[in-house]
Protein chains: 2
Amino acid sequence: MIRQTSVKPAPAAPSPPLVVIVDDDPAVRESLDSLIRSVGLATRLFGAPAELLQGSLPDVPGCIILDVRLPGISGLDFQDQLARQGIALPIVFMTGHGDIPMTVRAMKAGAVDFLAKPFRDQEMLDAVTAAIERDRQRRGATAALDDLRSAHATLTTREREVMTHVVAGLMNKQVAGVLGLSEITVKIHRGNVMRKMGVRTLADLVRMAEALDVPKP
Amino acid sequence: MIRQTSVKPAPAAPSPPLVVIVDDDPAVRESLDSLIRSVGLATRLFGAPAELLQGSLPDVPGCIILDVRLPGISGLDFQDQLARQGIALPIVFMTGHGDIPMTVRAMKAGAVDFLAKPFRDQEMLDAVTAAIERDRQRRGATAALDDLRSAHATLTTREREVMTHVVAGLMNKQVAGVLGLSEITVKIHRGNVMRKMGVRTLADLVRMAEALDVPKP
DNA sequence: GTCGCTCACAAACCTAGGTATGAGCCCGAC
DNA sequence: GTCGGGCTCATACCTAGGTTTGTGAGCGAC
């Protein structure tokens with residue numbers, strides 16, 4: 001896979017993963033902060049969900065540690081809200097007054113773990129490690145897909161139409177028939193598609209189309 | 001997608017989904033049985049996990065309702081055991097003495113739901129409906145994949161090698177070079193692959209290879 | 001042994017894919 | 001207006017893909 005990365009200021013030092021801690025109790029925040037920092041991870045502390053939504057987060061792998069009981073909003077509702085806003089950071093819940101339905105709801109909504117207080121330090125660290133790993137996976141997949149999407153965005157309307165039919169398995173003359181073009185024109189568009197998408201073989205183009213979920217004609 | 005179905009005795013009447021109920025309390029079994037039957041679903045009752053493992057289950061969509069506390073084995077351990085044995089029926093847990101760690105473990109292991117007793121009838125029916133739908137999806141995906149696998153299994157070793165390189169995007173002459181063959185031989189193998197896999201275009205073959213996870217050369 | 005399958009290769013032939021050169025049309029931006 | 005981009009098409013030429021027919025070697029099963 002060719003990563004078509006955009007121009008960046010070249011971050012020399014790779015930042016450590018970031019753990020966002022959301023809890024209304026300062027003592028809990030501080031305690032988690034030192035625990036997380038002790039294993040070399042960066043932290044960001046918030047006393048309320050709203051604070052998190054305002055500031056933007058750095059572009060590094062990470063996760064969120066979220067108390068279920070928060071000022072103004074349930075942690076579970078906040079989970080939904082984050083999802084709706086496209087913030088896909090994995091969430092580790094913790095709670096002092098949890099029950100089974102809460103746990104089920106959180107896990108169904110994609111939480112990595114759900115820890116009842118009191119929990120052992122190691123439990124939290126394991127959950128955070130798993131969450132960060134999940135985020136790393138997701139970021140990798142997203143980055144590769146973004147490159148594909150931006151390449152696909154450079155195609156003209158016609159080129160996209162031709163690509164759609166080509167990856168569906170139609171021959172050039174068939175594409176020409178469907179689109180009301182001559183075969184030579186289809187060939188030219190097809191060549192442009194291959195060049196712009198940065199592939200040399202039809203097989204690669206088909207795989208790209210699959211990843212992009214190019215609509216069937 | 002061409003379904004290459006194997007020869008079957010043509011089941012005229014589509015069987016209803018099957019709900020397997022595992023609980024050591026006969027009263028609970030009976031109660032669930034009548035609830036599930038009341039919505040037109042078939043049931044199979046077991047008092048202990050071992051009974052389930054002996055008999056074979058019919059080939060219809062379904063799910064398992066499993067008590068966490070079972071004679072001889074934890075429902076959670078039994079969940080693992082089923083997974084190891086390749087029994088992928090979705091599981092709805094119920095428990096009278098559940099806690100959060102149990103819930104988390106069950107959900108992480110893929111349970112559809114985890115209901116604390118007492119639960120309302122409708123909760124159980126909703127969970128069962130969701131579980132059956134999940135099984136239906138899984139069965140559909142599995143059936144399509146099985147057809148692909150059986151087609152792929154009819155290929156000779158050489159044909160598989162050629163297919164691998166062809167879907168990787170190599171030209172016939174390049175495949176010939178890699179495998180130490182002449183180009184004409186590659187063309188013949190390639191034609192056999194297309195015929196045996198039941199596709200007419202390279203695009204389709206690439207998609208099949210993706211679904212089959214054909215190893216990169 | 002011989003039958004069937006796999007594998008390999010060749011000659012001949014046809015279709016499909018790909019590129020270069022050149023040219024005309026439309027349309028929106030500067 | 002004209003300049004560029006997108007779209008269209010033609011001729012010409014070359015490469016790649018695909019099938020058919022025919023040949024022959026190796027090998028395991030019956």
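Lettering of chains follows the sequences in order, A, B, ..., and the numbering in each one begins at 1. None of the values given here were measured: they were computed from a predicted structure.
Taking atom CD1 on I184(B) and atom C1' on dT23(D), their separation rounds to 13 Å, with Å as the unit. When the C1' atom of dG6(D) is taken as reference, atom CZ of R195(A) falls 13 Å away, rounded to whole Å. Atom pair K187(A):NZ and dA16(C):P shows a separation of 10 Å (rounding to whole Å applied). Rounded to an integer number of Å, the gap from N192(A) CG to dA20(C) P is 11 Å. If you take CG of L205(B) and C1' of dG18(D), they are 14 Å apart, rounded to a whole angstrom. In this structure, L170(A) places its CG atom 15 Å from C1' of dG17(C), rounding to the nearest Å. Atom NZ in K196(B) sits roughly 11 Å away from atom C1' in dC7(C) (whole-Å rounding). Summarising the geometry, the separation between CG on L202(A) and P on dG17(D) is reported as 11 Å, rounded to the nearest angstrom.
Side chains of M124(A) and M94(A) form a contact here, defined as non-hydrogen atoms less than 4.5 Å apart. Between F46(B) and D23(B), every side-chain heavy-atom pair lies at or beyond the 4.5 Å cut-off.
R160(B) places a side-chain N or O within 3.5 Å of a backbone atom of H152(B) that can act as its donor or acceptor partner.
Taking the charged nitrogens against the carboxylate oxygens, D24(A) and R29(A) have no contact shorter than 4.0 Å, which rules out a salt bridge. A salt bridge is absent between D204(B) and R200(B): the closest approach of a Lys/Arg side-chain nitrogen to an acidic carboxylate oxygen does not fall below 4.0 angstrom. Between R105(A) and D77(A) there is a salt bridge, with a side-chain nitrogen of the basic residue lying less than 4.0 Å from a carboxylate oxygen of the acidic one.
For the pair N172(A) and dG17(C), the criterion of a side-chain N or O lying under 4.0 Å from OP1 or OP2 is met. The shortest distance between the side-chain N/O atoms of K173(A) and the OP1/OP2 oxygens of dA16(C) is below 4.0 Å. Contact annotation: R158(A) side-chain N/O to dG6(D) OP1/OP2 distance is not under 4.0 Å.
Picking from dC7(D), dC7(C), dG18(C) the nucleotide with the shortest atom distance to the side chain of T156(B) gives dC7(C). Each of dA16(D), dT20(D), dA10(D) was ranked by its minimum atom distance to the side chain of M171(B); first place goes to dA16(D). Relative to the side chain of L181(B), the nucleotides dA10(C), dG17(D), dA8(C) differ in distance, and dA8(C) lies closest. If you check dA10(C), dA16(C), dA16(D) against the side chain of I188(B), the one that comes closest is dA10(C). In this structure, the nucleotide among dC9(C), dC7(D), dC7(C) sitting nearest to the side chain of S182(B) is dC9(C). Among dC7(C), dC7(D), dA12(D), the nucleotide with an atom closest to any side-chain atom of H189(B) is dC7(C).
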| Trace of the side-chain hydrogen bond (donor to acceptor under 3.5 Å, both in side chains) decision for T129(B) with D126(B) | CA-CA 5 Å; T129(B) 303; D126(B) 289 347; 5.3 Å; no

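Comparing R200(A) and T154(B), the nucleotide of DNA chain C nearest to each residue sits closer to the 5' end for T154(B).
For the helix from dG1(C)-dC30(D) to dC30(C)-dG1(D), the terminal axes (five pairs an end, C1' atoms, rotation from four pairs onto the next four) enclose an angle of 40°, given to 10 degrees.
With Q137(A) as the fixed residue, the side-chain hydrogen bond (donor to acceptor under 3.5 Å, both in side chains) test singles out one of R134(A), E133(A), R139(A): E133(A).
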